Q: 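Take this structure first; my questions come after.
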Amino acid sequence: MTSWDTEERRALRASARRFTHAEVVPNLAAWEDTGALPRELHRRAAAADLLGVGFPEEVGGSGGSPIDSLLIAEEIIQAGGSSGLVASLFTHGIGLPHVVEAGDPELIDRVARPVLSGEKIVSLAVTEPDAGSDVAGLRTRAVRDGDGYVVTGGKLYITSATRADFFTVAVRTGGDGAGGISLLLLERDMPGLHVSAPLRKMGWLCSDTAELRFDEVRVPAGNLIGEENRGFYAIMAQFAAERLSLAVQAYATAQRCVDLTLAWIRHRETFGRPLASRQVVQHRVAEMARRTDVARVYTRAVVDDWLAGEDVVARVAMAKNTAVEACDSVVDDAVQLHGGLGYMRDSEVERHYRDSRILGIGGGTTEIMTEVVAKLLLR
Ligand SMILES: Cc1cc2nc3c(=O)[nH]c(=O)nc-3n(C[C@H](O)[C@H](O)[C@H](O)COP(=O)(O)OP(=O)(O)OC[C@H]3O[C@@H](n4cnc5c(N)ncnc54)[C@H](O)[C@@H]3O)c2cc1C
């Protein structure tokens, strides 16, 4: 038995599966049409003991290790959810760790507890119109003024931003480069904070994404998350978790597409025989399963090593690229084998095809992952 397959984790999977079947599958198409998840879903996920997994009980979470939260994402996707749903329902997975890590009791009570109970929503706002891959080049400025900061600038492509109550925002408090960046908690009702209309996207349609503008937003000094000018390192420290989560979403999406395709080719007949009887189809689905399994086994091995305290920066990047590459290929094959149905909004593989395109862009692009590996090899 591996650490991913204990009795407790099988129960957690079963609970994530029940939640997905009861709360997500019947409503996902409607949420894709409206472009956002209802707040009530966050409360229900908390009630099902899924939302707080991976966060300590002392801050309002339900405990468990990162493997538990990764398994929840994996199971939700494989039970008929989607990576878009996971990104939006679990945005606190990227927005909250910095607050928890910093350990300020006041921020934990005001932000972490209500987020983990599903009452409030938090987004992470790092990307700017002129600074995406180049995080150290961000320009949003926070100038110290009396007992607080005045924030001016803007952020782009922020997940859950049209619904968020809190924003963990990367700002420039010091000089140029990585050493001048801090994290500040901005709150939705702060004067001067403007959230755009939802941005229209290719996929992740149930996950709202927006642009933020800060016009001299006054932020109390108590909203500083962690130490001033240490924000870049706090962001980097969380990258392993985010990248591994995206790798898991990629192989889980691929696995779901393998499962859907197997069911389809057994059922669909052409020229008087099921598609599954044709060797060319059998080989194609076998190849889809192989790519998926390689991505899963490799990603999980890197997660295990990460949790064992090994230096896995390069292998995290390799895992993300391996899983994304597998997913891109598998979703494409799944649509192809579904024929015209694969191009229809009513078929689930069509959603996975659109949703998976972001996995090689968000959390560090495929090219930046390769750059990370190359730099570490050549240092
Ligand atoms: C749906 C969605 C949700 C998102 N959610 C969030 C969020 O919640 N919070 C947040 O902060 N951000 C979020 N993002 C932003 C995301 O993290 C960025 O889009 C991503 O980091 C890439 O940055 P960019 O778009 O500026 O692309 P760029 O950095 O401009 O890159 C453009 C292209 O150039 C390549 N490139 C860049 N630099 C190099 C180089 N040195 N060498 C070779 N190639 C290079 C990239 O790989 C890419 O192919 C989201 C984006 C999307 C689309």
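Atoms within a ligand are numbered from 1 in the order they appear, just like the ligands themselves. Note that these values count all heavy atoms, side chains included, but never hydrogens, waters or copies made by symmetry. Treat the numbers as computed from the prediction; the structure is a model and nothing was measured.
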Q: Distance to 0.1 Å, residue and atom name: give those for the protein heavy atom nearest to atom 22 (C) of ligand 1.
A: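 Here the closest protein heavy atom is Thr365 CG2, 3.9 Å.
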
Q: Does a side-chain N-to-carboxylate-O contact under 4.0 Å join Glu32 and Arg354?
A: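 Here Glu32 pairs with Arg354 in a salt bridge, since their nearest N and O are under 4.0 Å apart.
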
Q: Counting only heavy atoms not in Gln336, do more than 12 sit closer than 6.0 Å to its CD atom?
A: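 No, the 6.0 Å shell around CD holds no more than 12 heavy atoms from other groups.
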
Q: So which protein heavy atom does atom 27 (O) of ligand 1 come closest to, and at what separation?
A: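 Here the nearest protein heavy atom works out to Ser133 OG, 4.2 Å.
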
Q: Do Phe55 and His92 make the cut of ring centroids closer than 6.0 angstrom?
A: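 Close enough - the centres of the two rings lie under 6.0 Å apart.
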
Q: Looking at Arg357 and Asp328, is there a salt bridge between them, counting it only when a charged N and a carboxylate O are closer than 4.0 Å?
A: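 No salt bridge links Asp328 with Arg357.
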
Q: Give the C-alpha distance, both sets of side-chain angles, the deciding distance and a yes or no for side-chain hydrogen bond (donor to acceptor under 3.5 Å, both in side chains) between Asp293 and Gln255.
A: CA-CA 8 Å; Asp293 204 46; Gln255 184 60 57; over 6 Å; no

Q: Please check atom 35 (C) of ligand 1 for a protein heavy-atom neighbour under 4.0 Å.
A: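 When distances to the protein are checked, atom 35 (C) of ligand 1 has no heavy atom within 4.0 Å.
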
Q: If we only count N/O pairs under 3.5 Å, is Ile158 in contact with ligand 1?
A: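 No.
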
Q: Among all the protein's non-hydrogen atoms, which is closest to atom 18 (C) of ligand 1, and how far away is it?
A: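 Protein heavy atom with the smallest distance to atom 18 (C) of ligand 1: Thr127 OG1, 4.1 Å.
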
Q: Considering only non-hydrogen protein atoms, determine which one is nearest to atom 24 (P) of ligand 1 and report residue, atom name and distance to 0.1 Å.
A: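 Answer for atom 24 (P) of ligand 1: Gly132 CA, 3.9 Å.
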
Q: Under 6.0 Å from the CZ atom of Arg290, do we count more than 12 heavy atoms belonging to anything else shown?
A: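 Counting neighbours around CZ of Arg290, more than 12 heavy atoms of other residues, nucleotides or ligands fall under 6.0 Å, so yes.
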
Q: For Val126, counting its heavy atoms only, list the atoms of ligand 1 lying under 4.0 Å from any of them.
A: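 Ligand 1 atoms under the 4.0 Å threshold to Val126: 10 (C), 11 (O).
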
Q: Report the nearest protein non-hydrogen atom to atom 9 (N) of ligand 1: residue, atom name, distance rounded to 0.1 Å.
A: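 The closest heavy atom on the protein side is Leu124 O, 2.8 Å.
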
Q: Strictly below 4.0 Å, N to O, side chains only: are Glu350 and Arg345 in salt-bridge contact?
A: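 Looking at Arg345 together with Glu350, the answer is yes, because their closest N to O distance falls below 4.0 Å.
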
Q: Which residue holds the protein heavy atom closest to atom 50 (C) of ligand 1, what is that atom called, and what is the gap in Å?
A: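 Protein heavy atom with the smallest distance to atom 50 (C) of ligand 1: Tyr157 O, 3.2 Å.
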
Q: When rounded to the nearest 0.5 angstrom, what distance separates CZ in Arg351 from CD in Glu348?
A: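 Reported value, rounded in 0.5 Å steps: 6.0 Å.
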
Q: Please verify whether a non-hydrogen atom of Lys201 lies at under 4.0 Å from ligand 1.
A: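 So Lys201 counts as touching ligand 1.
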
Q: If you measure every N or O of Thr209 against every N or O of ligand 1, does any of those distances drop under 3.5 Å?
A: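 Checking ligand 1 against Thr209, no N or O pair falls under 3.5 Å apart.
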
Q: Looking only at distance, does Leu156 have an N or O less than 3.5 Å from an N or O of ligand 1?
A: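 So ligand 1 has no N or O lying under 3.5 Å from an N or O of Leu156.
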
Q: Around atom 40 (C) of ligand 1, find the nearest protein heavy atom and jot down its residue, atom name and distance.
A: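 Of every protein heavy atom, Ile368 CD1, 4.2 Å lies nearest to atom 40 (C) of ligand 1.
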
Q: From atom 15 (C) of ligand 1, is the closest protein heavy-atom distance below 4.0 Å?
A: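 There is a protein heavy atom less than 4.0 Å from atom 15 (C) of ligand 1.
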
Q: Is Thr159 in polar range of ligand 1, meaning some N or O pair under 3.5 Å apart?
A: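 Yes; the residue has a nitrogen or oxygen that sits under 3.5 Å from a nitrogen or oxygen of the ligand.
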
Q: Compute the shortest N/O to N/O distance between Glu367 and ligand 1 and return yes if it is under 3.5 Å, no if not.
A: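 It does: an N or O of Glu367 is found under 3.5 Å from an N or O of ligand 1.
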
